[in-house]
Amino acid sequence: MRPWLEVTGLGVDFPKARGRRALAAVSDVDFTLARGETLGLVGESGSGKSTLARALVGLIPPTRGQVRLDGVDVTPGKGQDGARGRLQMVFQDAEGAMNPRLRVGAIVAEPLRWRGMGRSARAHEAETLLARVGLPRDLMTRFPREISGGQRQRVALARAMATAPELLILDEPTSGLDVSLQARTLNLLRALQEGSGLSYLLISHDLGSVAYLAARIAVMYLGRLVETAPTEALITSPRHPYTAALLAALPPLVRGAHGPVAAARPDKAAGAGPGGCAYQPHCPYAQARCHTHRPPLTPGRPAHAVACHYPLPPGGPGP
Amino acid sequence: MSSVIPLGRTRGVFASAQARPTLAIGLGLGLFVLLLVFAWLGPIIYPIGAQAIHVHHILTPPSARFPLGTDDLGRDLLARLMAGGRPTLAAGLAGTALAFAIGVPYGLLAALAPAWLEGLLMRILDALLAVPGLVLMMFVAALIPLGVVSLIGLLGLVAWPGLARIVRNEALAARERDYVQAARLFGAGPFAIARVHLLRAMAPMLVVNATFLTADLILALSGLSFLGLGIQPPHPSWGGLLNTGAQLAVIGPWWLIVFPGLAIFLAILAMNLLGQGLLARLENR
Amino acid sequence: MSAQDPALVVEGLTVRAQGLAHPLVHDVSFTVGRGEIAALVGESGCGKTLTASGLLGPLAAGLQRTARVIRLAGNEITGLSEGALRTLRGRALGMVFQNPMSALNPSLTLGEQIGEVLRVHTGARGAPLEREAARLLACVEIPDPERALASYPHQLSGGMRQRALLAIAIACAPRLLIADEPTTALDVLVQSQILALIARLGAQTGMGVLFITHNLALAAQYADTVLVMYAGRLVEAAPAQAFFQGPRHPYSRALLAALPTLAARTAHRLPDIPGEAPAAHAIVNACAFAARCPRADAVCRSQVPPLSGDTHRFACFHPEESS
């Protein structure tokens with residue numbers, strides 16, 4: 001069966017200073033997503049997670065690759081407008097993503113305004129949307145800076161829901177929130193999804209919250225996916241040494257009994273060769289081949305793909 | 001924020017306006033309103049004709065009958081200052097309005113246009129900015145004698161390119177904000193974005209620029225009139241009155257220099273206090 | 001200062017703001033032992049940063065500190081003149097913050113900045129000074145210290161900057177290190193490295209660490225003592241092991257339960273805490289948590305529960321069972 005959302009070979013280059021070679025921020029990204037599914041995307045800052053998100057919705061036109069929705073090519077920048085409104089994004093910085101001079105009511109209803117909905121219908125819709133994310137209607141007349149951070153987060157979510165999107169891209173939806181607000185946001189996201197067929201691409205550096213929401217997780221390192229697997233498989237038996245290092249770095253309270261404990265990550269000074277594996281300078285298991293040949297993302301056991309010449313054995317870390 | 005028409009003014013004396021913005025805004029606004037009242041409502045309280053000639057009272061110093069004295073034709077200076085304030089202040093405000101009417105849309109268009117059009121618009125702007133504004137004004141005014149309306153048009157035409165450049169730069173910066181990116185994502189077109197987001201983001205900056213530009217234009221018009229190129233006699237203007245005073249300076253009627261000079265000074269001071277106060281508040285936020 | 005003294009003893013620390021009838025930090029008492037990491041945990045706005053800056057630092061205008069006892073490495077500092085306090089701070093206290101960029105001077109090399117601190121504290125100059133600076137960078141595990149000394153802050157990664165700041169903080173061999181959210185801006189891998197480093201430095205030198213964080217999981221991993229703050233008061237203070245085995249205050253328990261852990265991924269719902277935390281000065285004659293607490297009754301709404309207990313202290317009339 002053909003997947004609902006299919007991303008193949010997606011790449012984004014940032015033009016470098018005059019005459020220089022373009023800098024690849026994202027390369028060769030392949031993944032699929034089913035209706036109603038949540039895919040988690042984890043990686044360090046600068047790994048290209050946010051760039052990938054912006055490329056998917058077309059804020060940064062992708063340089064290479066294809067995005068297909070229900071088998072139809074909706075790659076941004078190709079002239080098609082097929083995905084407009086069906087893919088929506090919630091920005092990481094909720095406050096920055098709101099015009100400080102507009103009131104909450106106008107902010108939430110903004111997507112409807114650009115679809116030509118009248119003023120009074122918009123006000124009515126805004127109330128409904130706020131109610132869906134559990135916010136009272138008297139917030140409508142406030143300005144973004146007059147409400148709390150948690151409320152702003154919900155307003156951003158309500159606004160993204162306005163066009164009834166089928167896929168929500170959530171960029172670090174809980175970063176900067178306190179534990180109690182983080183839990184509430186995660187619960188809300190799960191509640192919004194239930195029975196609605198809404199899919200999420202959940203971008204976060206926090207494996208704990210990703211594991212809570214996502215059925216599958218993709219791990220990104222320096223612009224490439226290095227491992228994609230069902231959540232269960234990824235956290236109990238990571239195949240890529242980088243994934244193992246990420247899991248090992250989790251505080252024991254978050255990690256619990258799962259996953260490997262501490263695979264050493266030597267901080268070698270040397271960079272990777274142009275053709276080699278990007279993680280090789282940090283990898284405790286790197287061998288000669290890793291310096292010269294970049295490993296492609298290779299599908300393994302059911303839906304567990306890994307980009308490594310010498311992946312960790314299934315079921316436990318370390319050779 | 002640079003002056004739109006470079007007239008070589010310093011703003012050092014307004015440092016204290018930066019420290020106490022509310023006071024500066026209040027003083028500036030109050031002073032400007034007083035000047036408007038003086039020019040437009042003054043004649044109701046002081047109903048003496050600005051063109052009326054009192055042949056027996058030529059060059060009389062300030063007295064009970066002529067509070068600010070008379071000029072070399074025996075005309076009442078207070079009445080002439082009121083009458084002269086009207087075209088001077090009106091030209092400053094209307095010239096600013098005209099510059100905004102052209103400069104703001106042009107700047108926004110340059111910021112939102114596709115690359116080829118942006119290049120063209122910016123090149124036109126650079127060419128216009130290369131011409132020194134005051135010199136251009138003097139040149140045009142010297143060739144063709146101008147009425148008040150055409151003077152306003154000239155002021156606006158000279159001032160808009162500088163404003164357009166500021167607007168474009170501000171719009172480019174505002175365009176990168178997440179909420180503008182989000183609006184794009186929600187399907188807003190470039191003009192909708194300009195109207196709803198960019199203009200709102202720039203509004204405070206535009207208000208500040210309007211006050212400085214008004215001051216600049218009042219000064220520019222007074223300069224032209226002083227040189228005999230602006231509002232033509234017998235119609236009074238503050239710059240023209242100052243011109244009369246300067247020509248007669250050798251025979252010593254000090255009031256013909258002091259009062260018109262003071263009027264120009266107060267108008268510039270008012271707009272600068274207002275502008276500096278608003279700017280300080282904008283920067284503090 | 002004797003080597004046996006705890007790094008920090010605080011009793012009855014209260015911080016008031018001008019114009020507010022009730023304090024922002026209320027009667028906070030705790031001890032940070034030698035070589036010990038005490039985690040001051042709480043959500044944003046609970047007063048944890050104010051507590052740390054209220055301890056030893058100069059306070060912002062309009063704030064006023066009172067305390068029965070504040071002893072830094074055995075030296076009583078209440079009543080000390082600002083000059084004497086500054087000297088003591090320079091000798092016995094190091095600090096690292098969330099954003100190392102704002103604490104480092106962007107126009108000076110690391111060598112110049114570390115050298116400056118060392119010159120003031122040791123009077124060293126020339127080659128010995130450079131050797132000492134390089135040794136400090138090696139202490140915080142910066143590879144190639146000589147090269148790092150010649151670098152400007154912007155040439156370093158976030159993790160390296162935080163290490164550099166740590167090197168400056170430990171330059172005078174402080175007895176107490178205040179680390180205010182030192183890794184919040186860093187990636188997971190770097191975060192664990194920096195915290196492990198701080199823990200090692202504490203263990204090696206006997207330096208006490210007051211680790212301010214909103215992250216209970218990090219406290220569980222690195223702290224010897226946990227201090228939970230809510231609305232300007234300490235609500236629970238206990239050895240880390242006892243705390244994580246059985247937190248007694250309902251707020252502590254709720255915080256722990258709300259953590260999205262790998263084990264929680266199959267849970268249908270994360271237990272969150274309803275409502276929002278009140279401002280410290282807003283609650284007077286009641287437990288500040290009462291409005292959000294499932295165990296609260298009339299007593300909780302009419303009296304402030306005192307922080308009581310021996311080694312495991314908590315401020316609650318109806319504490320959770322110890323397990």
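In what follows, every chain begins at residue 1, and chains take the letters A, B, ... in the order their sequences are listed. Remember, predicted model here, so these are calculated numbers, not experimental data. The analysis underlying the following values was restricted to heavy atoms, covering all of them including side chains, and did not include hydrogens, waters or symmetry mates.
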Here the gap from B:Asp178 atom CG to A:Glu95 atom CD, rounded to the nearest 0.5 Å, amounts to 11.5 Å
Under a 4.5 Å heavy-atom criterion, the part of residues 56-64 of chain A in contact with chain B comprises A:Val57, A:Gly58, A:Leu59
Okay, A:Met89 and chain B: the region with an atom under 4.5 Å from a heavy atom over there is both
| field | Working for side chain to side chain contact (heavy atoms under 4.5 Å, CB included), residues B:His197 and A:Glu110 | value | CA-CA 11 Å; B:His197 293 299; A:Glu110 191 186 331; 2.8 Å; yes
Turns out that what part of B:Ala203 lies under 4.5 Å from chain A's heavy atoms comes down to neither
Side chain to side chain contact (heavy atoms under 4.5 Å, CB included) assessment of A:Phe91 paired with B:Leu185: CA-CA 11 Å; A:Phe91 288 76; B:Leu185 202 50; 4.1 Å; yes
Got a sec: does the CZ of A:Phe143 have more than 12 other heavy atoms crowding it under 6.0 Å?
yes
Heavy-atom nearest pair, B:Ala182 first then A:Ala97, reads CB-O, 4.4 Å
Passes side chain to side chain contact (heavy atoms under 4.5 Å, CB included), A:Arg113 versus B:Phe186? Steps please. CA-CA 9 Å; A:Arg113 178 176 185 171; B:Phe186 299 139; over 6 Å; no
When rounded to the nearest 0.5 Å, the distance separating CG of B:Leu198 from CG of A:Asn99 is 9.5 Å
Of all heavy-atom pairs linking A:Arg101 and B:Arg200, the shortest is NE-O, 2.8 Å
Q) Does the side chain to side chain contact (heavy atoms under 4.5 Å, CB included) test come out yes or no for A:Trp114 and B:Val196, once each step is laid out? A) CA-CA 11 Å; A:Trp114 307 131; B:Val196 173; 3.4 Å; yes
Listed by number, the residues in residues 86-106 of chain B that come under 4.5 Å of chain A (heavy atom to heavy atom) are none
Surrounding CZ of A:Arg35 (heavy atoms of other residues, nucleotides or ligands, distance under 6.0 Å), is the total greater than 12?
yes
